[in-house]
Asker: 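Quick one: structure below, then a few questions.
Note that these values count all heavy atoms, side chains included, but never hydrogens, waters or copies made by symmetry. In each ligand, atom 1 is the first atom listed, and ligand 1 is the first ligand listed. No experiment lies behind these values; they were computed from the predicted model shown.
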Amino acid sequence: VEFLLRPYRLEDFQALYEIDQACFPRGVAYSKRMLRWYLAEPGAECIVAESGGAVAGFVLTARSGAEGHIITLDVLEPFRRQRIGTALLEAAERGLSAHGVSKVYLEMATTNAAAVAFWQKHGYRTADVLPGYYSNGDDAYEMSKTLTPAREC
Ligand SMILES: CC(C)(COP(=O)(O)OP(=O)(O)OC[C@H]1O[C@@H](n2cnc3c(N)ncnc32)[C@H](O)[C@@H]1OP(=O)(O)O)[C@@H](O)C(=O)NCCC(=O)NCCS
């Protein structure tokens with residue numbers, strides 16, 4: 001499938017909200033309020049993958065000093081296993097690295113087998129288990145990865 005990556009625009013908000021609701025169970029998916037809050041944080045970066053004029057997925061990151069955080073990475077079901085998630089993550093990591101981030105963290109439900117495989121493949125390792133992290137009672141893995149500094153040329 002053909003897709004392009006571009007920065008988030010305000011008019012994408014409803015699509016992002018609906019994609020997040022479709023990608024995650026109740027209690028794990030973000031409310032509109034939380035999604036708006038993360039998008040407005042200083043240092044927030046949101047990259048959208050667009051296919052055929054519609055949003056197919058997105059990644060949202062936060063950063064503070066040398067620490068980065070993947071807030072969410074969502075690809076709509078019909079678009080999965082076509083490297084859109086990989087392209088979004090690589091773009092997000094490049095952005096974080098360019099802002100001096102050296103370590104990236106994320107949390108994910110321990111029951112999310114597809115995500116475990118995806119994050120492992122991209123070099124993320126389990127740093128901790130957070131019992132009852134989600135409001136539906138699910139436990140989370142905290143995963144982290146050390147970024148290799150972007151090469152200056
Ligand atoms: C996790 C997610 C973002 C992956 O997006 P994607 O576009 O399908 O990922 P890619 O096509 O780039 O996958 C790259 C590799 O990750 C691994 N992977 C991805 N999905 C997998 C799955 N369902 N089962 C096993 N391995 C998987 C594979 O190694 C895959 O390479 P391959 O297709 O050559 O085998 C997507 O499944 C998703 O949005 N899930 C729901 C939301 C979520 O769990 N997000 C992550 C937690 S924040």
Asker: Judged on heavy-atom distance to atom 16 (O) of ligand 1, which of Phe79, Phe3, Phe118 sits nearest?
Answerer: Phe118
Asker: Look at atom 42 (C) of ligand 1 and say whether a protein heavy atom is found at less than 4.0 angstrom from it.
Answerer: yes
Asker: Under 3.5 Å between some N or O of ligand 1 and some N or O of Thr86?
Answerer: yes
Asker: With respect to Phe24, determine whether any N or O atom, backbone or side chain, lies less than 3.5 Å from an N or O atom of ligand 1.
Answerer: no
Asker: Consider only side-chain heavy atoms of I, L, V, M, F, W and Y, link residues closer than 4.5 Å, and tell whether Tyr8 and Ile19 are in one cluster.
Answerer: yes
Asker: Please say whether Arg81 places an N or O atom under 3.5 Å from an N or O atom belonging to ligand 1.
Answerer: yes
Asker: Under 4.0 Å from any heavy atom of Arg83, which atoms of ligand 1 are there?
Answerer: 10 (P), 11 (O), 12 (O), 31 (O), 32 (P), 33 (O), 34 (O)
Asker: Under 4.0 Å from a heavy atom of Asp74: which atoms of ligand 1 are those, numbered in the order shown and with their elements?
Answerer: 39 (O)
Asker: Could you tell me which atoms of ligand 1, counted from 1 in the order shown, lie closer than 4.0 angstrom to a heavy atom of Trp119?
Answerer: 46 (C), 47 (C)
Asker: Atoms of ligand 1 less than 4.0 Å from Gln82 heavy atoms?
Answerer: 11 (O)
Asker: Identify, by atom number and element, the atoms of ligand 1 in contact range of Lys121, meaning under 4.0 Å from any of its heavy atoms.
Answerer: 15 (C), 29 (O), 31 (O), 34 (O)
Asker: So if I count the atoms of ligand 1 from 1 in the order they appear, which ones are less than 4.0 Å from some heavy atom of Ala117?
Answerer: 25 (C), 26 (N), 27 (C)
Asker: I need the atoms of ligand 1 closer than 4.0 Å to a non-hydrogen atom of Asn112, numbered in the order shown.
Answerer: 43 (C), 44 (O)
Asker: Between Phe118 and His122, how do the two ring planes meet: parallel, tilted or perpendicular, split at 30° and 60°?
Answerer: tilted
Asker: If we only count N/O pairs under 3.5 Å, is Val75 in contact with ligand 1?
Answerer: yes
